[in-house]
S.K.: 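Right, I'll just put the structure down here and ask away after.
The chain is numbered in sequence order, starting from 1.
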Amino acid sequence: MHCISLPSSHLLLHSPPKTTLKLASHVSPRMFFNDSATNNNSGSTNGFSLIKNVSQLLWGASLPPGILISTVRTAWTSTWQIMMSQLAPSDPSGAYTRPPSKFRLNPTAATTKLHLYVGLPCPWAHRTLIVRALKGLEEAVPVSVAGHGLDGSWEFKDVPDKDNDILVPTMDRVHRCRNLKEVYRLRKGGYDGRATVPMLWDVEKKEVVCNESYDIIEFFNSGLNELAQHPGLDLSPLELKEEIEEWNRVIYPNVNNGVYRCGFAQSQEAYDVAVSGLFSTLARIDDHLGSSRYLCGDRLTLADICLFTTLIRFDLVYNVLFKCTKKKLLEYTNLHAYMRDVYQIPKVAATCNFLEIMDGYYRMLFPLNPGSIRPVMPSVCEHEFLCRPSEREAMSSVGKRVQHVLTCNVEPCAGHQC
């Protein structure tokens, strides 16, 4: 698939519809929860204790009867399939099929008064934040950062910035809308489709410019050089375009979207195909990076940015939640060092809010994690570990850090001492 047509909008899945399982004995909810159960923690504990006591009276210390387990399992499976079919559509084999982006970029139609909407958990939005930062477009293209809402939508909220080193959710800095869906509806003619990130907004025309991530990063790389602080940085040079596209054709279906094809697979066969493609591709890339600092040699390119935003989430989320369990990224010597190398490029670490990433997946993707319990962050995903020397500079023919190679004169690591 050609990278210019990659459908790469990120979707937050909604919580399931409220359903009630009707058992043979019609028991009133009041038997289990009194009024205090909904008002304080002790009441809630008492309510669940009552449920436990009733269950022990019914079948003692043994497991619930098989017919109850079978009924609940059937009901849950049916509900799960309904949710997944609507929110993570699949083909007849059960393989996840990502919906295409609705708004593709027309650079000649865009004004220079633009605003970027992103969500921090989203790897597709993360691409745009990194290229925006490396090109020095922070002032030219302001950003509003949406957070995950309880219903799975992208919501705006004013989060106190306790750590100036990383991005946090914000209010809608243009319209003061409550959520991203309201912003989409402000365009001429309105819009009731999927409200995805990233989304580039034309402030003057009040119109969606684009919600396709690859279109946006190409535009940021070369379309706004007159506004960029680092116009000399080219992440997609003409002599490397064919090689970049080749890597994107491999990485997008098997890695970027491959982890989603594993996590959102609705059949064992679909999962087996996806997980095989994912790990065979990771092994191929790891082997390539044994003799090349970046995917295309000594030059950091858009292909590296696209790969990085998946890699930085791999051990944090995909390895566990998306069942990408064959190997951790840490087990790939070259890939993990490569990821740390990119992470340590000035301004990149500031775009990585790991708690927001974990919340956006573990707490909001209800079909994959019904309890909404966020696991502890792996120690190998903490900032201090990621700042350990990658020792990949020596692989570059000029032996210098990438920001110097590309004459990108920015301050080290956005406040971090890496």
Side-chain angles (χ1 to χ4, degrees), residues 1-10 91 93 95-101 122-124 126-128 130-131 212-218 221 234-265 270-315 317-319 322-329 331-343 392 395 402:
M1 181 181 293
H2 294 289
C3 59
I4 195 169
S5 61
L6 298 183
S8 53
S9 55
H10 177 83
D91 64 20
S93 72
Y96 172 57
T97 305
R98 184 175 293 276
S101 299
C122 172
W124 318 104
H126 196 179
R127 300 173 170 188
T128 66
I130 293 175
V131 177
E212 162 55 51
S213 69
Y214 205 85
D215 286 0
I216 295 173
I217 62 176
E218 283 194 313
N221 179 61
D234 189 356
L235 298 168
S236 184
L238 184 62
E239 65 272 18
L240 293 178
K241 273 191 177 295
E242 185 175 343
E243 191 174 356
I244 291 170
E245 290 186 2
E246 265 183 40
W247 276 116
N248 283 336
R249 282 193 289 268
V250 171
I251 292 169
Y252 170 75
N254 296 302
V255 180
N256 297 148
N257 201 43
V259 293
Y260 282 86
R261 290 170 56 225
C262 293
F264 291 165
Y271 168 78
D272 290 343
V273 170
V275 81
S276 175
L278 168 63
F279 283 99
S280 63
T281 303
L282 289 178
R284 171 184 171 183
I285 299 172
D286 185 68
D287 182 66
H288 172 76
L289 292 173
S291 58
S292 179
R293 184 177 183 184
Y294 301 110
L295 291 172
C296 298
D298 294 340
R299 299 283 296 270
L300 181 80
T301 68
L302 294 182
D304 296 296
I305 303 302
C306 292
L307 178 59
F308 170 80
T309 59
T310 296
L311 297 184
I312 199 67
R313 289 162 172 77
F314 198 89
D315 288 352
V317 174
Y318 303 139
N319 176 254
F322 281 11
K323 304 182 185 70
C324 302
T325 49
K326 184 175 182 179
K327 293 179 73 172
K328 294 181 181 295
L329 190 72
E331 298 177 63
Y332 293 96
T333 303
N334 299 319
L335 264 175
H336 199 273
Y338 161 86
M339 181 191 70
R340 298 200 313 275
D341 191 16
V342 177
Y343 180 82
R392 293 185 62 80
M395 300 180 69
V402 65

S.K.: What verdict does the side-chain contact (heavy atoms from CB on, under 4.5 Å) test give for Glu239 and Arg299, after you've listed the backbone C-alpha separation in whole Å, the side-chain angles of each residue and the deciding distance to 0.1 Å?
M.R.: CA-CA 11 Å; Glu239 65 272 18; Arg299 299 283 296 270; 3.8 Å; yes
S.K.: Return the CG to CZ distance between Asp298 and Arg293, rounded to the nearest 0.5 Å.
M.R.: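 Separation between the atoms: 8.0 Å.
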S.K.: Which heavy atom in Pro237 sits nearest to a heavy atom in Ile244, and how many Å separate them?
M.R.: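 Shortest heavy-atom separation between Pro237 and Ile244 comes out as CD-CD1, 4.5 Å.
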S.K.: Using the side chain to side chain donor-acceptor pair (under 3.5 Å) rule, collect all pairs that involve residues 300-315, keeping only residues at least two apart or in two chains.
M.R.: His126-Arg313, Asn256-Thr310, Thr301-Asp304, Asp304-Tyr338
S.K.: Who passes side-chain contact (heavy atoms from CB on, under 4.5 Å) against Lys327, sequence neighbours left out?
M.R.: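 In terms of side-chain contact (heavy atoms from CB on, under 4.5 Å), with neighbours along the sequence ignored, Lys327 is linked to Phe279, Glu331, Tyr332.
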S.K.: Provide the closest heavy-atom pair for Ala270 versus Ser93 in the form atom of the first, atom of the second, distance.
M.R.: CB-O, 3.9 Å
S.K.: To check you understand the geometry: which heavy-atom pair defines the closest contact between Gly277 and Ser280, and what is its length?
M.R.: O-OG, 3.2 Å
S.K.: Taking only residues two or more places apart in sequence or in another chain, which ones pass side-chain contact (heavy atoms from CB on, under 4.5 Å) with Thr281?
M.R.: Val250, Asn254, Val255, Ile285
S.K.: Let me confirm one number: the OH-CG distance from Tyr214 to Asn248, rounded to the nearest 0.5 Å.
M.R.: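 The CG atom of Asn248 is 4.0 Å from OH of Tyr214, to the nearest 0.5 Å.
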S.K.: Taking only residues two or more places apart in sequence, or in another chain, which ones meet Phe308 in a ring pair (Phe, Tyr, Trp, His ring centres under 6.0 Å)?
M.R.: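 Phe308: no ring pair (Phe, Tyr, Trp, His ring centres under 6.0 Å) contacts found.
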S.K.: Can you give me the closest heavy-atom contact between Tyr252 and Arg98, atom names plus distance?
M.R.: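 Answer, listing the atom of Tyr252 first, then Arg98: OH-CD, 3.6 Å.
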S.K.: Search all heavy atoms of Phe322 against all heavy atoms of Val259 and return the closest pair with its distance.
M.R.: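 That would be CD2-O, 3.1 Å.
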S.K.: Would you give the length of the straight line joining atom CD of Glu218 to atom OG of Ser213, rounded to the nearest 0.5 angstrom?
M.R.: 10.0 Å
S.K.: Taking it one step at a time, do Asn257 and Tyr260 satisfy side-chain contact (heavy atoms from CB on, under 4.5 Å)?
M.R.: CA-CA 5 Å; Asn257 201 43; Tyr260 282 86; 4.0 Å; yes
S.K.: With rounding to the nearest 0.5 angstrom, report the CG to CG distance, Leu335 to Leu329.
M.R.: 5.5 Å
S.K.: What residues, two or more places apart in sequence or in another chain, satisfy side chain to side chain donor-acceptor pair (under 3.5 Å) together with Arg340?
M.R.: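 Arg340: side chain to side chain donor-acceptor pair (under 3.5 Å) contacts with His336.
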S.K.: Can you sort out the partners of Glu242 under side-chain contact (heavy atoms from CB on, under 4.5 Å), two or more places apart, ordered by chain and number?
M.R.: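 side-chain contact (heavy atoms from CB on, under 4.5 Å) check on Glu242 returns Glu246.
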S.K.: Working to the nearest 0.5 angstrom, can you tell me the gap between Leu235 CG and Leu302 CG?
M.R.: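 Leu235 atom CG to Leu302 atom CG measures 5.0 Å (nearest 0.5 Å).
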S.K.: Could you grab the distance from atom SG of Cys296 to atom NE2 of His288, nearest 0.5 Å is fine?
M.R.: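 Nearest 0.5 Å value for the SG-NE2 distance: 7.0 Å.
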S.K.: Please name the pair of heavy atoms, one in Ser291 and one in Met395, separated by the smallest distance, quoted to 0.1 Å.
M.R.: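 Closest approach of Ser291 to Met395, heavy atoms only: C-CE, 3.6 Å.
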S.K.: Evaluate the criterion side-chain contact (heavy atoms from CB on, under 4.5 Å) for residue pair Leu278 and Cys324; output intermediate values, then yes/no.
M.R.: CA-CA 8 Å; Leu278 168 63; Cys324 302; 3.6 Å; yes
